[in-house]
Amino acid sequence: NELYAHAAEKGHAKARFHLGYNYKNGTGVAIDFNRCVELYEQSAKQGYVNAQFNLCELYRTGSLDNENGEPMTIPENDQLHFKWAFAAAKQGDVNGQAYTGECYRNGYGVEQNDESGFEWCMKAAEQDDVEAQYFIGQYYENGFGGVDLDLTQALFWYRKAAAQGRQSAMEAVERLA
């Protein structure tokens with residue numbers, strides 16, 4: 001951690017990310033979610049995609065440290081979840097693309113937009129993200145998101161997700177085949 005701290009002080013994005021990760025998990029230091037977020041944000045603003053995605057995930061669920069009914073140190077925040085998912089997505093991160101699609105699909109932190117949801121899910125699906133493949137199947141099966149109803153395409157994407165073990169995709173394949 002000393003080496004990470006030294007490199008982080010000098011502005012090294014990857015070191016900031018790793019030190020933040022250590023503060024999140026208590027690896028060699030006491031858990032400190034605020035310090036974690038500070039370091040992740042510094043790294044993310046430098047364009048480090050892993051920091052962007054980890055911020056996305058942290059804001060998606062919150063810090064989950066609310067034992068005894070106390071509020072979480074880092075609460076869920078849909079706007080920040082979307083902001084960092086989108087930053088990672090724009091750099092080609094498959095998980096960031098999948099979460100960006102989910103945010104648009106459900107209106108999490110951004111105005112709901114099925115067309116944008118489809119676009120970002122497709123980017124992730126083409127990189128073999130199983131959840132995105134399943135959702136692309138739903139888009140085609142139901143004809144929303146600016147796509148025409150196309151059961152052949154729906155089946156194609158459901159089969160890809162089913163091949164990766166997604167149970168609901170297996171059920172969709174049975175239903176449509």
Side-chain angles (χ1 to χ4, degrees), residues 13-14 16-25 33-34 36-66 71-147 153-154 156-170 172:
K14 191 172 182 179
R16 286 175 167 169
F17 165 75
H18 284 290
L19 190 57
Y21 184 86
N22 290 347
Y23 275 109
K24 181 180 184 281
N25 296 296
F33 288 106
N34 290 315
C36 165
V37 167
E38 179 185 336
L39 289 160
Y40 275 179
E41 283 184 352
Q42 290 170 357
S43 179
K45 287 175 181 174
Q46 289 177 273
Y48 194 65
V49 72
N50 291 352
Q52 293 168 344
F53 183 73
N54 280 27
L55 278 169
C56 151
E57 282 200 310
L58 186 57
Y59 286 120
R60 183 176 198 240
T61 63
S63 53
L64 302 175
D65 60 340
N66 55 333
M72 289 186 273
T73 303
I74 307 299
E76 295 175 32
N77 183 317
D78 286 343
Q79 287 77 25
L80 289 172
H81 164 60
F82 172 75
K83 172 187 176 175
W84 293 114
F86 189 63
K90 288 189 296 185
Q91 292 196 69
D93 182 79
V94 64
N95 295 312
Q97 292 170 343
Y99 278 167
T100 296
E102 176 186 48
C103 287
Y104 275 119
R105 207 173 49 252
N106 297 304
Y108 296 151
V110 66
E111 189 173 327
Q112 195 273 338
N113 183 316
D114 282 328
E115 288 81 9
S116 294
F118 176 81
E119 175 187 334
W120 286 104
C121 277
M122 181 59 84
K123 289 176 188 285
E126 289 171 341
Q127 293 187 68
D128 292 326
D129 183 273
V130 65
E131 296 299 312
Q133 290 171 341
Y134 174 73
F135 287 121
I136 292 298
Q138 286 188 319
Y139 277 103
Y140 280 116
E141 181 180 5
N142 298 299
F144 61 86
V147 300
Q153 279 295 311
F156 171 82
W157 288 104
Y158 283 145
R159 282 187 173 131
K160 287 181 84 66
Q164 293 191 64
R166 178 73 144 80
Q167 184 61 41
S168 53
M170 292 175 202

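Starting from 1, each residue takes its place in the sequence as its number. Computed from heavy atoms alone, side chains included, the values below leave out hydrogens, waters and symmetry copies.
Atom NE2 of His18 and atom NZ of Lys14 lie 5.0 Å apart (nearest 0.5 Å). One finds the CG atom of Asn34 at 6.0 Å from the OG1 atom of Thr73 (value rounded to the nearest 0.5 Å). The CG atom of Leu19 sits 9.5 Å away from the CD atom of Gln42 when rounded to the nearest 0.5 Å.
Under a 3.5 Å cut-off, the side chain of Asn106 and the backbone N or O of Tyr108 do not form any donor-acceptor pair. Checked by atom type and distance alone, the side chain of Ser43 never pairs as donor or acceptor with a backbone atom of Leu39 at under 3.5 Å.
The environment of Tyr21 atom OH is sparse: at most 12 non-hydrogen atoms of other residues, nucleotides or ligands sit within 6.0 angstrom. Within 6.0 Å of the CD atom in Gln167, the count of heavy atoms belonging to other residues, nucleotides or ligands exceeds 12.
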Residue pair Tyr158, Tyr134: steps toward the ring pair (Phe, Tyr, Trp, His ring centres under 6.0 Å) verdict: CA-CA 5 Å; Tyr158 283 145; Tyr134 174 73; 5.6 Å; yes
Intermediate values then yes/no, side chain to side chain contact (heavy atoms under 4.5 Å, CB included), Asp93 and Gln52: CA-CA 10 Å; Asp93 182 79; Gln52 293 168 344; over 6 Å; no
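Contact check for Gln97 versus Asp129: no side-chain heavy atoms found under the 4.5 Å cut-off. Residues Tyr59 and Ile74 are in side-chain contact: their nearest non-hydrogen atoms beyond the backbone lie under 4.5 Å apart.
Ring pair Tyr99/Trp120: centre-to-centre distance not below 6.0 Å. In this structure, Tyr23 has its ring center no closer than 6.0 Å to that of Phe33.
Between Phe82 and Tyr104, the two ring planes are perpendicular [angle over 60°; tilted spans 30° to 60°]. Ring planes of Phe118 and Tyr140: perpendicular class, angle over 60° (limits at 30 and 60°).
The two residues Ala125 and Ala132 come nearest to each other via the heavy atoms N-CB, 3.5 Å. For Val130 against Gln164, the heavy-atom pair with the smallest separation is CG2-CB, 3.7 Å. The two atoms that bring Arg105 and Cys121 nearest to each other are NH1-SG, 3.1 Å, heavy atoms only. Shortest non-hydrogen contact noted between Leu58 and Cys36 is CD2-SG, 4.4 Å. Nearest heavy-atom pair across Gly137 and Ala154 is O-CB, 3.4 Å. Between Thr100 and Ala89, the shortest heavy-atom contact is OG1-CB, 3.5 Å.
Using a 3.5 Å distance cut-off with no hydrogens or angles, the side chains of Asp114 and Gln112 do pair a donor with an acceptor.
The side chain to side chain donor-acceptor pair (under 3.5 Å) analysis of residues 74-85, with sequence neighbours excluded, yields no pairs. Among residue pairs with one or both ends in residues 50-66, those qualifying as salt bridge (Lys or Arg N to Asp or Glu O under 4.0 Å) are Arg60-Glu102; sequence neighbours excluded.
Remark: Arg16 is not positioned above the aromatic ring of Tyr48, lacking an NZ or CZ atom under 6.0 angstrom from the ring centre and at most 45 degrees off the axis.
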